[in-house]
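Structure record follows, encoded as structure tokens.
First the proteins, then the strands, lettered A, B, ... as listed; each starts at 1. In what follows, every heavy atom counts, from backbone to side chain, and hydrogens, waters and symmetry copies are set aside.
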Number of protein chains: 2
Amino acid sequence: MTPRSARSAHKQLAHLVADRLRVEILEGRLKPGEWLRQERIALAQGVSQMPVREALRQLVAEGLVEHIPYRGTRVVEFTVADIEDLYACRLFIEGMAARHAAAVITDEELREIAGLHERMLPCDTPESLPEYRELNRRFHTAIFQASRRSFLIRSLAQLWAAFPTMLWSNVPLVAYRTAPGRDASDAAEHEAIVTALSARDPEAAETAARAHISAAGRALLTALGAAPHPLPEAPSFQSLSLATGGRHRSRSFPHAEEES
Amino acid sequence: MTPRSARSAHKQLAHLVADRLRVEILEGRLKPGEWLRQERIALAQGVSQMPVREALRQLVAEGLVEHIPYRGTRVVEFTVADIEDLYACRLFIEGMAARHAAAVITDEELREIAGLHERMLPCDTPESLPEYRELNRRFHTAIFQASRRSFLIRSLAQLWAAFPTMLWSNVPLVAYRTAPGRDASDAAEHEAIVTALSARDPEAAETAARAHISAAGRALLTALGAAPHPLPEAPSFQSLSLATGGRHRSRSFPHAEEES
DNA sequence: ACCTCCAAAGTTGGATATAAAATCTAAATT
DNA sequence: AATTTAGATTTTATATCCAACTTTGGAGGT
């Protein structure tokens, strides 16, 4: 465990600005449709305009705001269809990640995930909702990080970036979290995921992850007032991954250095 | 057809810079691992550093380059595992998009897609590969645009942004495209998609789209030298979408204006 | 009244210059 | 040999100025 090179913990200003704006958006102080004027933001945060513009472009990429040339940047408005699609994507991709994670997860990662699960259990009151959300985010993040599939990790990080905005800007999340039985269901579903991962069972891990996200999605859409279909149980078919399920090639391919 | 407001076709410099860098990356002039120094780029393109930095941040978001604070930005290296995951994600999300598209596609969109398909047919020589790739990109893009699902459109646009880089930096794409029978297969699979869309059959559209991407993915991974599994045929299970398959709510939800 | 054109105001977009911070390289010291 | 220090390089941030574009609100004509 050599400290190595301290991993450069230095944050850039643009990141800080983006973080603060993200919080303002997801807490509703910046409402969907509202314009974000760069000069005002720079003044309010005590920075110059360049980091503000970089932060805005980053948020655009994350899908939280949209940019119109020479007009400005404003918070996006999400639709119910967007939330459906978000959950469908998560359902699939997080399922895949869980499958891969089960095959390569370390004991330490397993302990951390189980620990996060434990800490979520007592969070069943409205006041503990923020803490629950944070723990939940870390729980899911830890799982797909454990998959070691950088592409999936990146994709899921993007999905999760857009996720809270949708909720806070569209619906009082409490309605979802306090839905009858949701606490218990969430806990049971998380438990199932942890169990499958502990058993190093890819098939079960994928199934459990899908079942959880599917159930959560249905509950959320119900809370939103959308009529949820009977919904086909998340099919437990074989992996859709296209090739070898074996050890993944660790390094990148030798890209044609010279054209002999 | 009033010109309306000209739709502000004005591109920002940052976009142009990003476009040029993207081309350089995907054509291999900028190799994976290579550092992109902002001053050099600004000088080379005759612009100041601000648009360069915005462009770099955009490319970071697209996943083509990675940024390390106070160190710089460099082209990412993709692994075979990344390509597997990319195709798996495309398989699923483009399938969903095709399903939605079949339900709402217009005659005009249908004509354009069919036209693109026709124009791809004669492109069966190595020299026409660039044209084929461009037509293919427009073909797929037109389909998921027709779905009207903004979230899926955005997600797929991101996937397609990373896509060419992987190929050019990892493998001579010709090996894929000129694989025995691939031309004919691609054509037949595209044909099936067009047919399903024309029939406004969501189920068939999803199945056809999946089959195509699955086949293309297997062919590519074979060309890459990866041992492709027997691979389960893309399962034609019901939609995984979580709620109403009916007309999508057009506008955003009324986000709690007041908490009565 | 109604439409068109034109100028004003305001915001974003971009260039340039300059300074500060962080990282890397390599020589110099212990 | 290991550590420290000094310098070079590059990124990061600020400030200021001007150009480009959109919108707004009237002036003038029909």
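- Judged by closest nucleotide on DNA chain D, A:Gln12 is the one of A:Tyr70 and A:Gln12 placed further toward the 5' end.
- One interatomic measurement links the two molecules: CG of B:Leu43 to P of C:dG14, which rounds to 18 Å at whole-angstrom precision.
- Between A:Ala14 and B:Arg37, the residue whose closest nucleotide on DNA chain D is further toward the 5' end is B:Arg37.
- Among residues two or more places apart in sequence or in another chain, the side-chain contact (heavy atoms from CB on, under 4.5 Å) test is passed with A:Glu62 by A:Arg22, A:Gln58, A:Leu59, A:Leu64, A:Ala161.
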For residues 65-72 of chain B, which side-chain donor-acceptor pairs fall under 3.5 Å, sequence neighbours excluded?
{"unit_1": "B:Glu66", "atom_1": "OE2", "unit_2": "B:Arg74", "atom_2": "NE", "d": "2.9"}
{"unit_1": "B:His67", "atom_1": "ND1", "unit_2": "B:Thr73", "atom_2": "OG1", "d": "3.3"}
{"unit_1": "B:His67", "atom_1": "NE2", "unit_2": "A:Gln12", "atom_2": "OE1", "d": "2.6"}

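- With 3.5 Å as the limit, one finds no donor-acceptor pair spanning the side chains of B:Glu131 and B:Ser128.
- When the nucleotides C:dC24, D:dT23, D:dT11 are ranked by their closest atom to the side chain of B:Arg71, C:dC24 comes out on top.
- Under the side-chain contact (heavy atoms from CB on, under 4.5 Å) criterion, A:Arg40 pairs with A:Arg37, sequence neighbours left out.
- With D:dT10, C:dA15, C:dG13 as the choices, the nucleotide that has an atom nearest any side-chain atom of B:Leu13 turns out to be C:dA15.
- Here A:Ala42 pairs with A:Gln49, A:Val52 under the side-chain contact (heavy atoms from CB on, under 4.5 Å) rule; sequence neighbours left out.
- Among the nucleotides C:dT23, D:dT12, C:dT12, the one closest to any side-chain atom of A:His67 is C:dT12.
- For A:Gln45, the side-chain hydrogen bond (donor to acceptor under 3.5 Å, both in side chains) partners are A:Arg20, not counting sequence neighbours.
- Distance B:Glu39 CD to C:dA17 C1': 13 Å, rounded to the nearest Å.
- Per the geometry, CZ belonging to A:Arg40 stands 15 Å off C1' belonging to C:dG10, to the nearest Å.
- Shown for residues 47-60 of chain B: residues whose heavy atoms fall under 4.0 angstrom of DNA chain C, namely B:Val47, B:Ser48, B:Met50, B:Pro51.
- Rounded to an integer number of Å, the gap from CD of B:Gln38 to C1' of C:dG14 is 15 Å.
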